[in-house]
Structure formats: C-alpha cells, structure tokens
Amino acid sequence: MGKHARRVRNLGLLFEAYAGAQRPVFHLSRPFDIAPGAGTRHTVDDLALLVAQTSGALRAAGLRSGDRLGIVKANHFDVVLLAAAAARIGVLPALISDTVPPESLRIMLGRLEPTVLLAGADVLARAQSAGIALTGPGVRTVRIGGDGEGPAGTVGFDELGGAAVPPAAPHADDKPMICTHTSGTTGVPKLVVHSANTLGGVLTRLETMRIPFLSTRPDDTITACIAFVHGRSAVWAFAQLGLPPAKAVVLADSRPDAVIPTLAEHPPTTLEACPNIFQRWEELADRRPELFARVRAFINTFDLIHPRSVRKFLGASQRRGAVWGQSWGQTEAGPVTLAVY
C-alpha cells in the first residue's frame, strides 16, 4: 500500500494508492461487464491494474483531459472503476442509470455534452427501437457487451483493449471529479457534480469513523447491493480500502433468487442495500433465514425504510446485539441523518 494512501481523495488515484494491500478481496455476484473473462474474485492489485488499463482504453476512445464521459450501463461496481479510470486522466465521468428512458437520457446527455458515450448494448438497442439519437454528431459511442457489431458508428469496448496505460493526471481536488444524478422524481434527473474534496474528503469521513457496532472489522464480510451509479458507491469504495474488511462482496442484481448463491458462499456480517431491495428480500428472510444469520449490522441508505423490514431481518440474524443502521440524504449533500436501532 502506498504511504500516501490515506490522504488520497481523488477516485482516479484510489486503487493504485492501495496497491499491495492484502485486504479486502472483492467477490462479485457476476463478472464485470468491462472484464467478463476476469472472473468474480479480485484483489486490490487486480482492480488497480484494471483501472489503469481502462484509462488507456478511454484515451484510445479519444478522451483527453477536460473532456466529459457519459456512462450508461447495467448496474455493477464496474461503473465505479470506469469513473476512476476517467478521473485518473482528468476526464469528468457522468454515471447515469440504465433505467432512465431514452427520451430523458437524450436530454441528460445533451446537458452533459460528452466527448464519448460509453453505453450498454441494451441501452443503445432501446434507444434505436424508440427512434431516438442519444447524442449529436461528433460524439463517439463505445458499446459494452452485446453480440455482433451493434448500431452503426459504435465501437466495442473490448476493441479498445491493449492500449498503452497513460500516466495518472487527475484534476486538483477542488475541481469537478465525478458526476451523478438525482432520482428524477420531479422530471428529468438533474446532474450533480462532486469534487475530490467533497466526495473523497467530506463524505468519506463518516464512513471511516469508528462507530460502535457499525464500524468495519478486519474479519468482516461487507456486502452491498445498491445503485452503483450513485455517488454512494464511490464513497463505499473509499471505505472498503480505507477501513478494509476481509471481503467486500458486490451484488449486481437484487432479484432474490439471483443473490442466493453469493450470499450462501460469502455470508455477510454487514449487509447494505436500498430500502426497496430489503423489502424485495423479505420473503427471502422467511424462506432462507440462514443467509442472514451472521449479519451483525444491516445498513439501509438512500431513503426511509418500513419498520416491518427492520424487524424481519433483525429476527433472521443469529448475532447477539445485531443492529440496523439507517442513513439517508441527497445526492447533492450526502448523508443527512443517521439512526441506529
């Protein structure tokens, strides 16, 4: 681990700053979309190398310092790695959910004015079916996944592999580093920009503070099933490296039957999910309570949760003194309140 790792605030430098760290080992419910052949187990060194190589691929796509990158793909932790690769070379990445309909997506990308759009093949297919051009002329579109050549004028992400790794050249900590968006409950989602100071500095302090019952322990298995396009996921990445557990487990799909194999193989001791996901899993807590038996801390972020969900999962845990941590806030401000039950 680099001697200056603890002072790193820029996401673009995060993974290489902790290169050599033995903890955590990242376990995925499915391989990354940007590295489908790399399996589901990754060390910190593996992720540092993947970020560096991806920054080379982004540069090969035509991105240069000061440019903007639109990222719209299936939910997975690799959106954070793509954002890190972009920030590493001074490019501003905008992480956009692939659930945004093409009409709204076109408006958002129009506001962003990206040099390159990195999109999942299914996102591009939906836009094409709707007869909507997501970007204007001059914007290069890079396709992730899918079979065949995809829409005319696009290039596959895998075609950019093997490019030389450029030197790290992130922007200053007070400059824009990452862009995410609001929920869109009042219309087209609004883009929200964070710097390294606000996201990697202010918002990660709470995450790495020593909070009784909630703070990470060296033997923990920390599991997350969240919207990885949210700024919360970048803060989560800082936390796993800054206060490392034994394992960091990523659930990319919230469907109950889809999470069973990973939860069974890597029983969590801390489990974080969105309130609607916990609600979706209530029948799983009834049907397979042993999956949650080792959890000592449940954490729900983003929004309020129903007391019924809290009672059900605390009842499934076999840990004495298991707690529920509830944190919610806004993209613009980060966490607003925290309560422990």
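Computed from a prediction, not measured in an experiment: that's the story for all the values here.
Between the side chain of R59 and the main chain of I89, no donor-acceptor pair closer than 3.5 Å is present. When atom types are taken as modelled, the side chain of H181 and the backbone of S97 share a donor-acceptor pair closer than 3.5 angstrom. Of the possible polar contacts, none joining the D173 side chain to the A196 backbone as a donor-acceptor pair under 3.5 Å is found. Between the N300 side chain and the A273 main chain, no donor and acceptor come within less than 3.5 Å of each other.
If you check the side chains of T154 and R143, you find a donor sitting under 3.5 Å from an acceptor. In summary, the side chains of D174 and S195 do not present any donor paired with an acceptor at a separation below 3.5 Å, with no hydrogens or angles considered. Under 3.5 Å, the side chains of R30 and T40 contain no donor-acceptor pair of N or O atoms.
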Which pairs of donor and acceptor atoms, one on a side chain in residues 301-317, lie under 3.5 Å apart (sequence neighbours left out)?
residue : atom : partner : partner atom : Å
T301    : OG1  : E272    : OE2          : 3.1
H306    : ND1  : R308    : N            : 2.9
R308    : NE   : E282    : OE1          : 2.9
R308    : NE   : E282    : OE2          : 3.3
R308    : NH2  : E282    : OE2          : 3.1
S309    : OG   : E282    : OE2          : 2.5
K312    : NZ   : D286    : OD1          : 3.0
K312    : NZ   : D286    : OD2          : 3.2
S317    : OG   : V295    : O            : 2.5
S317    : OG   : R319    : N            : 3.1

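Between F77 and F15, the ring planes lie perpendicular to each other; the angle is over 60°, past the 30° to 60° tilted range. Note: H76 and F32 have tilted aromatic rings, judged against thresholds of 30 and 60 degrees for the angle between ring planes. Using the six-membered ring where Trp is involved, W236 and F26 have ring planes that are perpendicular, over 60° apart on the 30 and 60° scheme.
A distance of 10.0 Å separates CD1 in I144 from CG in D158, rounded to the nearest 0.5 Å. The distance from the CG atom of L124 to the CG atom of L117 is 6.5 Å, given to the nearest 0.5 Å.
Residue pairs meeting the ring pair (Phe, Tyr, Trp, His ring centres under 6.0 Å) criterion with at least one partner in residues 251-272, sequence neighbours excluded, are H27-H266.
When every heavy atom of A163 is checked against every heavy atom of A60, the shortest pair comes out as CB-CB, 3.9 Å.
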